[in-house]
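Both backbone and side-chain heavy atoms feed into the values below; hydrogens, waters and symmetry mates do not. Chain A is the first sequence line, chain B the second, and so forth, proteins listed ahead of strands; every chain is numbered from 1.
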2 protein chains.
Amino acid sequence: MDRKIEEILKRNQLSVTSGRKKILELFLQQEGALAHSDIEKRAGEKFDRVTVYRTLQAFLEKGLIHSIPTADNSIRYALCKENCSGGHHHDDHVHFVCSACGNTVCLEGVTVPPIHLPKGFTAEQVEMLVSGVCKSCNS
Amino acid sequence: MDRKIEEILKRNQLSVTSGRKKILELFLQQEGALAHSDIEKRAGEKFDRVTVYRTLQAFLEKGLIHSIPTADNSIRYALCKENCSGGHHHDDHVHFVCSACGNTVCLEGVTVPPIHLPKGFTAEQVEMLVSGVCKSCNS
DNA sequence: ATACAAACGCAACATTGTTGCAAATAATTT
DNA sequence: AAATTATTTGCAACAATGTTGCGTTTGTAT
């Protein structure tokens, strides 16, 4: 596990430090999105707030994670599946927010349907945000 | 104009005050979404920050405006066309953020395509966020 | 016009995000 | 393996953004 984590960091040209290992581990454990505050809490009081900000930013820049806009003004971050490595781009995809448990997940399998824009508008990226009840809360 | 504004406020069971009239006027003038900071700036130094917060919240609750999540963690607000009056709900719709001018608009005419979720997931609301270049910036 | 209810501004505070810099840690070189 | 270099970290200080309580002002209803 530890080895895997270091590998991922190196593959993304990130020097491996205890903070980055810990935060990446959180992402790997939790199959969902994390807000900054989640990370602060779960990482214990071990790391400075600033470090968390900078780590997330570094992860973002390397394309290890991507950000998910939410309605409640708290950006969440989630691992990119097949490292959107290289640039910042990642394929359009669908995010699901459960209104029961509050969990946010990426629905990687679900494709974003094509959309018809008015004349003159050009689309670059499409983000879909579905809210509802997730699998575990429905059963 | 002033009459129209008062009418809208009354229709939504909001007492008409100078602050609310001013902010509603901003929304009517600007055919796009406004962030809290926009409103503070454009309203001049006339109103307290707290008043703006509370006004937006009141407008939200009455269904006069709705909030639009954005990627940069700055919630924007836009008038609901046919007052989503009554409750908080408004129909699913598409928001467009122009990467050139930064303007955010609701594409009311564009319908959100149906989406196929994995088994066990139930959708309640769908939000689409398209980024790209808008009509005026494309010409 | 008066009484009542709601909204306002102010102050104080909590939370969230940013920046500069010295010390600590990781990567690289010898 | 030790020394050099580059990066990251934590701290402190700050800026921006939200929130709450409360006395005063303003709107609404009688």
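In this structure, B:Arg49 reaches the bases: a heavy-atom distance under 4.0 Å links it to at least one base atom across the strands shown. B:Lys46 comes within 4.0 angstrom of the backbone, heavy atoms only, and of no base. Within the nucleic acid shown, A:Arg54 comes within 4.0 Å of at least one base atom, counting heavy atoms only.
Side-chain atoms of A:Thr51 lie closest to D:dT9 of the nucleotides C:dC10, D:dT9, C:dA7. Nearest to the side-chain atoms of A:Tyr53 among the listed nucleotides D:dC11, D:dT17, C:dT16 stands C:dT16.
Between the CD atom of A:Gln57 and the P atom of D:dT7 there is a distance of 16 Å, rounded to whole Å. To the nearest angstrom, P of D:dT8 lies 15 Å from NZ of A:Lys21. Whole-Å rounding puts the B:Glu40 CD to D:dA16 P distance at 11 Å. Rounded to whole Å, atom C1' of C:dA5 lies 15 Å from atom CD of B:Gln13. One can place CG of A:Asp48 at 14 Å from C1' of C:dA24, the figure rounded to the nearest angstrom. Protein atom CD1 of A:Ile75 is 15 Å distant from nucleotide atom C1' of C:dT18, rounded to whole Å.
Within the structure, a side-chain polar atom (N or O) of B:Ser15 is placed less than 4.0 Å from OP1 or OP2 of C:dA7. The side chain of B:Thr17 places an N or O atom within less than 4.0 Å of a non-bridging phosphate oxygen (OP1 or OP2) of C:dC8.
Under 3.5 Å, the side chains of A:Gln29 and A:Arg42 contain no donor-acceptor pair of N or O atoms.
In this structure, A:Phe47 and B:His36 both approach DNA chain D, and ranking their closest nucleotides by distance from the 5' end singles out A:Phe47. Of the two residues near DNA chain C, B:Val50 and B:Leu14, the one whose nearest nucleotide lies more 5' is B:Leu14.
Atom NZ of B:Lys135 sits in a sparse spot, with 12 or fewer heavy atoms from other residues, nucleotides or ligands closer than 6.0 Å. B:Glu31 CD: 12 or fewer foreign heavy atoms inside a 6.0 Å radius.
Between the side chain of B:Asn12 and the backbone N or O of B:Leu9, no donor-acceptor pair lies under 3.5 Å.
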